Amino acid sequence: MTSPDRACLTIDLDALAHNRAVLVDVARGAEIAAVVKADGYGLGAGPIARRLHAERTRSFFVARLAEGEALRAELAHRDATIYILDGLLPGGAERLAASRLTPVIATVPQANAALARAAALGRYEVAIQIDTGMNRQGLSLAEAHAIIAAPGGLSALTVSLVMSHLGSATDPAEPRNAEQLARFREVRGLFPDSRAGIAASAGAFLDAGYRYDLVRAGISLFGGGPKEVPDLRLKAVATLTAPVLDIRNLRPGDRVGYGSAFTATRPMRVAVVGAGYADGVIRAAMGKGHAWAAGARRPLLTVNMDLLVIDIGDATLAIGEHVELLGPHALLDDLANAAGTVAHEVLVRLSSRAERVYLGAA
Ligand SMILES: *Cc1c(COP(=O)(O)O)cnc(C)c1O
């Protein structure tokens, strides 16, 4: 059971399975790979990946080599391909091999290292990332052409996946999406025997041309909408609640918290809640975001390190009663928008101070 005196982060693995099923349905035919970098978006890569594996996920992506090593141990004795988005960095080849991790080749030096390794071993499996216009990670089209032309190049190198990443997929009207897709179509033709993928969560919800063989789903597995607004097909995986510590009456002119964060202009009742930015409630949400208590949205007046204050109107709240700061009513995308950030950052900031409870089988 949860301790009533402490903020509680509930991670609902059944909701995770539901969201995966939604993605499977939306992406018809494409494999749904799971992106579980940054400790499964802060929710625990081990339980998240084990449940997704039980739901038939077989491909996983993380950013760092060390994340891949930890994930391989979490998935011990299970068949899974684990891709490392950082690729093949100097000194990393032995560690990649020891944990059976597949590097996503992202630069020319990495491609050369992979070719050398392929020549020495006779066979070396990689994924290749192509930069189709995000200008962040991946080989240019010209660099991809050069690798294919390298002597013996593709014969020993097994490119199991050719991938790219969309920079504006949360906005379906952005012309950049079609531009990136056109470049991807061209480069994909260079690797006819490889599987292909350009879509992350948001891309999976664009039209069918973006789906290819494999979708790299992150935020929508965790309930974040593909257009950065709530999508009611998806369920909240993370729920953060915290107890009411005190109810106070304010008079007009009373200031709450530090500086002039909030000044009452009328008599009002507020609840002091035992959570703050040290528990992952982003401070920038104060004055804009909402908690959910006594069946309604309640404005977040201030967010300090350990305490936050909400306007409770004329609601009746008991001391010790938990209010929802994130979850099925205080929606992830709404909180992200209120805080001027993305749902991904809201999740990865959920800290370890809140007590963690997993619901559903891992
Ligand atoms: C993080 C990441 C993803 C997952 O993105 P979501 O928006 O969370 O679905 C997919 N691909 C790459 C290359 C990433 O870095």
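Given the structure is predicted, the values throughout are model-derived calculations rather than measurements. Atoms within each ligand, like the ligands themselves, are counted from 1 in listed order.
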Can [X] and [Y] be counted as having a side-chain donor-acceptor contact under 3.5 angstrom?
X: H165; Y: R216; result: yes
X: E324; Y: T241; result: no
X: S168; Y: R176; result: yes

Are T107 and Q137 close enough that some pair of their side-chain heavy atoms sits under 4.5 Å apart? no

Just so I know, are the side chains of L115 and L157 near enough to count as touching, which here means a heavy-atom distance under 4.5 Å? yes

Please check whether A200 reaches ligand 1 - meaning an N/O of the residue sits under 3.5 Å from an N/O of the ligand, judged on distance alone.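 N/O-N/O distance under 3.5 Å: no.
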
Looking at ligand 1, would M134 count as a contact under a 4.0 Å heavy-atom criterion?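 Under 4.0 Å: no for M134.
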
Side chain, backbone, both or neither: which applies to V35 and ligand 1 if a contact is any heavy-atom pair less than 4.0 Å apart?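 For V35, the contact with ligand 1 is made by the side chain alone.
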
Considering only the protein, which heavy-atom contact is closest to [atom], and what is its distance?
atom: atom 12 (C) of ligand 1; value: H165 CE1, 3.5 Å
atom: atom 9 (O) of ligand 1; value: S201 OG, 2.5 Å
atom: atom 11 (N) of ligand 1; value: R216 NE, 2.9 Å
atom: atom 14 (C) of ligand 1; value: K37 NZ, 2.9 Å
atom: atom 4 (C) of ligand 1; value: Y41 OH, 3.4 Å
atom: atom 7 (O) of ligand 1; value: H344 NE2, 2.9 Å

I'd like to check which ligand 1 atoms, numbered from 1 as shown, lie under 4.0 Å from a non-hydrogen atom of I219. 6 (P), 7 (O), 8 (O), 9 (O)

With heavy atoms of R136 as the reference, note each atom of ligand 1 found under 4.0 Å away.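 The list of qualifying atoms is 15 (O).
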
What class does the angle between the rings of F60 and H53 fall in, given that below 30° is parallel, 30 to 60° is tilted and above 60° is perpendicular?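 Correct class here is parallel.
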
Does atom CZ of R183 have more than 12 heavy-atom neighbours, drawn from other residues, nucleotides or ligands, at distances under 6.0 Å?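 Enclosed: over 12 neighbouring heavy atoms sit under 6.0 Å from CZ of R183.
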
Go through the steps to decide whether V126 and V104 satisfy the test side chain to side chain contact (heavy atoms under 4.5 Å, CB included), and finish with yes or no. CA-CA 6 Å; V126 296; V104 181; over 6 Å; no

